[in-house]
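To start, the structure under review is shown below, and the notes come after it.
All of these numbers come straight from a predicted model, not from anything done at the bench.
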Amino acid sequence: MNKQIPLIAIDTVSDPEGTTSLASHGGEVNTQKIVSQSLYASRKKIYVRKITGFFQKIRAYSLTILLLMYFTFCWFTVGGEPLILFDIDARKFHLFGAIFWPQDFTLLAFALIISAFGLFFITSLFGRVWCGYSCPQTVWSFMFIWLEEFFEGSRNQRIKSDKAGLNLQKLLRKTAKHLSWLLLALATAITFVGYFIPVRELIADIGSLSLTSSWAIFWIIFFTAATYINAGWLREQVCIYMCPYARFQSVMFNENTLIVGYDKQRGEPRGSRSRQEIKSGLGDCVDCQLCVQVCPTGIDIRDGLQYECIGCALCIDACDSIMKKLNYSTGLIRYASEKEFETGKPQRKFDAKTIAYAALVILSVSIFTLLLIQRPLLELSVMRERGALYQENGMGLIENFYLLKVINKKEQAEQYILYIENIDASLASKNLLKVGPGEVKNFPISVVMDPTNISEPAMEIRFKLQEVNQEQASVTVNSKFLGPINDW
């Protein structure tokens, strides 16, 4: 009887026949078959089946409203100014009748914070409702799918067409589909650029073929290509592999979060049957695969909670349509919490995480509102002339030069008076400044001072800018007045 020697060191040796030998130094040799497996899974095209139902009506309304807002808001004006325009060249941003400047960056930061915490709060309560009903990737993907169905037919017709060889009818249908995709992508890109360049000017330049802005041309081409590729070709790949939200959403989920789920207790075991036939021992799921056929990410919701699920509820409407045909109660696939699926009883309560998100949203909104109310409509910045300290003018006075930048955030022109406070100095230039509505204007000024009043080489000087018609509207800025050392 041979005694098996324990392996001390194991080496892996491959041979041409696809076997691996586990060899020991002085031990036995075991051989096993290698099964090679690729780390990359090639994409399988998803043919989304059309379905109607309660949640699809909600999506139709939400998508219509969102698309109307997107394609029309850049055309609206308030008091002659665009409703929404991010004028980067002029460094001012029009938002619903108000003008914001780069100096208002704090407001933008808090707006983003509110959006983030708001998304976290909604996700902790209702799961990926943003992805299913509001995400631009979802909105444009559904539009592209609708165009695909319009030109190429139903799901079964598209599958049959792709399996068949190329013919004239197939070529014409696919050409029309891709042209419609490109036109929609182009309209999307022009509208997007229209939020940064006045859209009427942009359309006029495009219509006259005189679009001279290289950046405008670049971004129109870029967003046309991005929309066409993302919504037409990548689709679910963006949601599964590119979107970070799909990866960190589980951090915000809890056992009470509403998700799209399958009721296993009621549905299992699965089995097919006719309307008249009722098989004992089977659950309500008839294994029709309709929930899989309508899923835009290609998952089977019956396998449990998956990060690929975008919460679009297509599978709910599909399953409900089958349940109604069989005279079963609906809700085999429904919106419910994991705890509800486990216990079978509706249970909704707020956990500490959800309460914390709500508190952060309220705090952020409060701070944002306070900053918005207290936002100054007049701003002043003072810069000394570069490369010059001071000079002595013809009258023997010490003269300093400054550049004042005045921002009038109001919607009407204003006049301001400039004063010098805290030192015995005077303006050698005019002190009445006029600034137009929403204008940033630079004023070069000079300040003179008797050298006998200069006590140190760098004295603090305070500029005060006051609105002519409103004494309370004023702003002060400190700077330095440079001069020679006084020997008196």
Between Asp162 and Lys174, is there a salt bridge with N-O shorter than 4.0 Å?
-> yes

Within the distance-only criterion (no hydrogens, no angle test), does the side chain of Asp424 pair as donor or acceptor with the backbone N or O of Met449 below 3.5 angstrom?
-> no

Short side-chain to backbone donor-acceptor contact, Arg384 and Phe401, under 3.5 Å = no

Decide yes or no on salt bridge (Lys or Arg N to Asp or Glu O under 4.0 Å) for Lys170 and Glu152, but give the supporting numbers first.
-> CA-CA 8 Å; Lys170 180 178 178 179; Glu152 294 189 1; over 6 Å; no

Measure from NZ or CZ of Arg375 to the centre of the six-membered ring of Phe100, then state whether that distance is under 6.0 Å and the direction lies within 45° of the axis.
-> yes

Atom pair CZ/OH of Arg49 and Tyr47 - distance to nearest 0.5 Å | 15.5 Å

By side-chain hydrogen bond (donor to acceptor under 3.5 Å, both in side chains), Tyr335 pairs with (sequence neighbours left out) Tyr133

Check: Lys405 side chain, Val440 main-chain N or O, donor-acceptor pair, under 3.5 Å | no

Polar side chain donor-acceptor pair, Glu414 to Asn408, under 3.5 angstrom = no

Could you tell me whether Glu439 and Lys409 make a salt bridge, using a distance below 4.0 angstrom between a side-chain N and a carboxylate O?
-> no

Cys131 backbone acceptor or donor facing Thr138 side chain under 3.5 Å = yes

Quick check: does any side chain N or O of Arg247 sit under 3.5 Å from a backbone N or O of Ile240, one acting as donor and the other as acceptor?
-> yes

Which residues satisfy the side-chain hydrogen bond (donor to acceptor under 3.5 Å, both in side chains) test with Asn393, sequence neighbours excluded?
-> none

Between Glu236 and Arg43, is the closest basic N to carboxylate O distance under 4.0 Å?
-> yes

Taking Trp140 as the fixed residue, which of Tyr228, Tyr70, Trp181 is the one that meets the ring pair (Phe, Tyr, Trp, His ring centres under 6.0 Å) rule?
-> Tyr70

Is the side chain of Gln306 donor-acceptor paired with the backbone N or O of Asp300 at a distance under 3.5 Å, no angle test?
-> yes

Can you check whether Leu107's main-chain N or O pairs, donor with acceptor, with Asp104's side chain at less than 3.5 Å?
-> no

For side-chain hydrogen bond (donor to acceptor under 3.5 Å, both in side chains), just list the numbers for Tyr419 and Ser474, CA-CA rounded to whole Å, side-chain angles, deciding distance to a tenth of an Å, and then say yes or no.
-> CA-CA 11 Å; Tyr419 299 99; Ser474 63; over 6 Å; no

Nearest-0.5 Å distance, NZ of residue Lys480 to CG of residue Leu389 = 14.0 Å

Might you confirm whether atom CZ of Phe150 has over 12 heavy atoms from other residues, nucleotides or ligands at distances under 6.0 Å?
-> no

Report yes if some heavy atom in the side chain of Trp219 is under 4.5 Å from a heavy atom in the side chain of Trp215; otherwise report no.
-> yes

For Ser141 and Gln137, does a side-chain donor sit closer than 3.5 Å to a side-chain acceptor?
-> yes

Side-chain donor-acceptor pairs under 3.5 Å in residues 77-96, sequence neighbours left out?
from  : atom 1 : to     : atom 2 : distance (Å)
Asp87 : OD1    : Asp89  : N      : 3.4
Asp87 : OD1    : Ala90  : N      : 3.2
Lys92 : NZ     : Gly438 : O      : 3.3

Quick one: does Arg59's side chain have a donor or acceptor within less than 3.5 Å of a partner on Gly132's backbone?
-> yes

Determine, step by step, whether Glu148 and Arg235 satisfy the salt bridge (Lys or Arg N to Asp or Glu O under 4.0 Å) criterion, reporting the C-alpha distance in whole Å, the side-chain angles of both residues, the deciding distance to 0.1 Å, and the verdict.
-> CA-CA 13 Å; Glu148 191 173 49; Arg235 291 185 185 172; 3.2 Å; yes

Are Phe463 and Tyr402 close enough that their ring centres sit under 6.0 Å apart?
-> yes

When the ring centroid of Phe142 is compared with that of Trp146, is the distance short of 6.0 Å?
-> no

Any donor-acceptor N/O pair, Thr227 side chain to Thr224 backbone, under 3.5 Å | no

When the aromatic ring centroids of Phe192 and Tyr195 are compared, is their separation below 6.0 Å?
-> no

Within the distance-only criterion (no hydrogens, no angle test), does the side chain of Asn400 pair as donor or acceptor with the backbone N or O of Leu482 below 3.5 angstrom?
-> yes

